[in-house]
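Convention: sequence-line order gives letters A, B, ...; per-chain numbering from 1.
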2 protein chains.
Amino acid sequence: MLSERQMMILRAVVRDFTNTGVPVGSKALAKQLPIHVSSATIRNEMAALEEQGLIKKTHSSSGRIPSVEGYRYYVDHLVKPDPLQPNDMDVIQSSLGGDFHKIDEIISQSATILSNLTSYTAFTLKPELKDARLSGFRLVPLGRRQVMAILVTDGGDVENQTFDVSEDVKGDQLEAVVRLINDQLVGLTLPEVIKKLQLDIPAQIANYLQSPTGFLDIFGDVLTRAAQERFYVGGRLNLLNFSQDSDVDSLKSLYSLIDQSDDIANVLGQPSDNISVQIGNEMTNDALRNYSLITATYDVDQHGKGMIAILGPTRMPYSRMLGIVGAFREELAKKLLDYYRFYDE
Amino acid sequence: MLSERQMMILRAVVRDFTNTGVPVGSKALAKQLPIHVSSATIRNEMAALEEQGLIKKTHSSSGRIPSVEGYRYYVDHLVKPDPLQPNDMDVIQSSLGGDFHKIDEIISQSATILSNLTSYTAFTLKPELKDARLSGFRLVPLGRRQVMAILVTDGGDVENQTFDVSEDVKGDQLEAVVRLINDQLVGLTLPEVIKKLQLDIPAQIANYLQSPTGFLDIFGDVLTRAAQERFYVGGRLNLLNFSQDSDVDSLKSLYSLIDQSDDIANVLGQPSDNISVQIGNEMTNDALRNYSLITATYDVDQHGKGMIAILGPTRMPYSRMLGIVGAFREELAKKLLDYYRFYDE
DNA sequence: CTTAGCACTTGTATAGTTTGAGTGCTAAAA
DNA sequence: TTTTAGCACTCAAACTATACAAGTGCTAAG
């Protein structure tokens, strides 16, 4: 249990350290705190905080820095998100103000904006399409042997892929396949489609094609690609700014982590309704030991929930970042609502 | 004019320095050179080389390192490409041996292989499609308002893009447009298409559509995208390995250079038939001051010429790199010939 | 033309010194 | 019981001094 004063001190330690990067000492705190006590008193309180594992020293006679637990306590109990700078709000409004023609453009742009505002690395994920439904499938012959498969979901997402077919496949065969898929699978959610694809379809498709497997592979391919959550990343290079002492190896592994959609999905974890903060080694992944991750969902009503996140050093100014993330999720949700409203009407 | 012995010394200085990164002194050279002379003699020769601006000191009593001019002389007159390591050849063969279904897959894979072999950053460009011809155009209605435009070249390249149309555009209108384009433009080279697109087409298309501009924009868009040379990049992160003293800013500008297709095309320059080396500030771009670029074309007979390149530190082992690039361009050309032979038959 | 010898330069590494910010503890004051 | 002044102690960082190794240019002799 912390006293009011201890909380005040912990808050000040975190704020100071995240701003300056320098361990903070008792004297500096005494000067700065609103209450009037001597540095010796502060020292006693700091000893108590250290006892509880919330702050620690870098060496035996240094000032204190927050421990992971200290950050945790701060984030859970003490921090108050900064209100957004008017300037930052302008940036959001104008960057998001333009006319977009695809959801993905908005989401991708969002990653850029977020990384600019924070000067960290940002991730964005569009509203989940877990229960998006297949709304259309096309096979378009392109040349003698090439065919493009196109898949559309009811959310307006489009996935496509070109592939080769043996030359003796005729146009009406393709059409039959398309009709089959459209008849049987349209309207189902993507997971349902995948299931059905493995059970019923192969037998039926064999009526039209000698070797149905190739087709099904392709269809399955674009399908999983459509169903996969894909993250946009903004400000990749910002990692370079705060990678202490140019530890090239850990940087590399961090980058390869970021570029693997699966892994990053794993790291970001399940969306909770609130803004959540993961600090340093709270994350299982070793490459993230010195980083913190702020994730938040945004809610676009009946269109589902998406996710935004920023990745920065553990020593990041949480109050400012929480303010930015909080404000941005709102703006993004608004923008998307506008977008859907326009497109659905 | 250099004497035989001076050439020998210059060659040794470059070789030594590129291998070790340490300025090389007269004593080490005397020990290493095949001729039997004292270090004092070497010193005299080195003074002469320095006089001519081919080597320089890092400080008044240090050993010598090659100057840009020294590297140039070495590359132009002294270097002999190393024969490829058998091991390296294995890597190429097996990485390129698989079954590919698209040119782009081969080219993209090539960038990865090259970066692995060299542990630098590699660029690859597929055989130029300057005179690729438009072989097909499709407009596929996807939903109420979405349409996908697909463009195919005779080289088998496919570009596509989805866009929105106002709801009152009817299917037969689309078909008319497609027919128009296919009638008038198929068979022309892409530059010709672009030209005609600005002159003849707008008037004709106005017969079918109230607002033709939207369409033409889209078509122009996919067209330029198809005509644009697109580089594949392999081993981006390798830049981190040899970015001296973690100069974050120059690294960032280098990365943004790499990620801008236009810029990098500019840097790589016009394809010459040979392997060419650009050293440090010979390149106009400031971000490349401490880097060297080896570019080479590869020739796929009637299918045109493509390009490969590697970007590494100015102090790179040129003989080995030239060997790798030289061997790789051959292998890639062979592979592509195989590919085309299979596909054209 | 070559080379041994030598004085001189410079970066790097090591060890010692100083300084300053900070701590814990004690004992007196509140 | 809590606060505070005072003090001895610790440690990183900055600076200084010293030694060392690798290298150079130059001179004079071979």
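Taking the side chain of A/H59 as heavy atoms from C-beta on, and the options D/dT24, C/dG11, D/dC11, the nearest nucleotide is D/dC11. When distances run from any side-chain atom of B/E50 to the nucleotides D/dT4, C/dG22, D/dG25, the shortest one goes to D/dG25.
Nucleotide C/dG24 holds its C1' atom 15 Å from the CD atom of A/E45, rounded to whole Å. Between A/I42 atom CD1 and C/dG24 atom P the separation is 13 Å, expressed in whole Å. The nearest whole Å value for the distance from the CG atom in A/L33 to the C1' atom in D/dT3 is 15 Å. In this structure, the CZ atom of A/R43 is 12 Å from the P atom of D/dG6, given to the nearest Å. Between the P atom of D/dG25 and the CG atom of B/L49 lies a distance of 12 Å, rounded to the nearest Å. In this entry the distance linking NZ of A/K56 with C1' of C/dG22 reads 18 Å, nearest Å. The NZ atom of B/K31 sits 9 Å away from the P atom of D/dG23 (whole-angstrom rounding). Taking atom CE of residue B/M46 and atom P of nucleotide D/dG25, one finds them 7 Å apart after rounding to whole Å.
The residue among B/V37 and A/G63 whose nearest nucleotide of DNA chain C lies closer to the 5′ end is B/V37. Residue order along DNA chain C, read from the 5' end via each residue's closest nucleotide, puts B/S39 first among B/T58 and B/S39.
Ion pairing of B/K56 with B/E50 is absent here, as no side-chain N (NZ or NE/NH1/NH2) approaches a carboxylate O to less than 4.0 Å.
Taking side-chain N and O atoms only, B/R5 has a distance below 4.0 Å to OP1 or OP2 of C/dT2. Contact annotation: A/S38 side-chain N/O to D/dT4 OP1/OP2 distance is under 4.0 Å. Phosphate contact (OP1/OP2 of C/dT3, side-chain N/O of B/T41, threshold under 4.0 Å): present. Within the structure, a side-chain polar atom (N or O) of B/K57 is placed less than 4.0 Å from OP1 or OP2 of D/dG25. Applying the 4.0 Å criterion to OP1 and OP2 of C/dG24, one finds that A/R64 has a side-chain N or O inside that range. One finds a side-chain N or O of A/S26 lying less than 4.0 angstrom from the OP1 or OP2 phosphate oxygen of C/dT23. Of the side-chain N and O atoms in B/S60, one or more sit less than 4.0 angstrom from OP1 or OP2 of C/dT10.
Environment of NZ in A/K27: sparse, with no more than 12 heavy atoms of neighbouring residues, nucleotides or ligands closer than 6.0 Å.
A donor-acceptor pair is defined here as one N or O able to donate and one able to accept, closer than 3.5 Å; such a pair exists between the side chain of B/E282 and the backbone of B/I279. B/R315 contributes no side-chain N or O that, together with a main-chain N or O of B/P66, makes up a donor-acceptor pair within less than 3.5 Å.
When all heavy atoms of B/T121 and B/V233 are compared, the pair lying nearest together is CG2-CG1, 3.8 Å.
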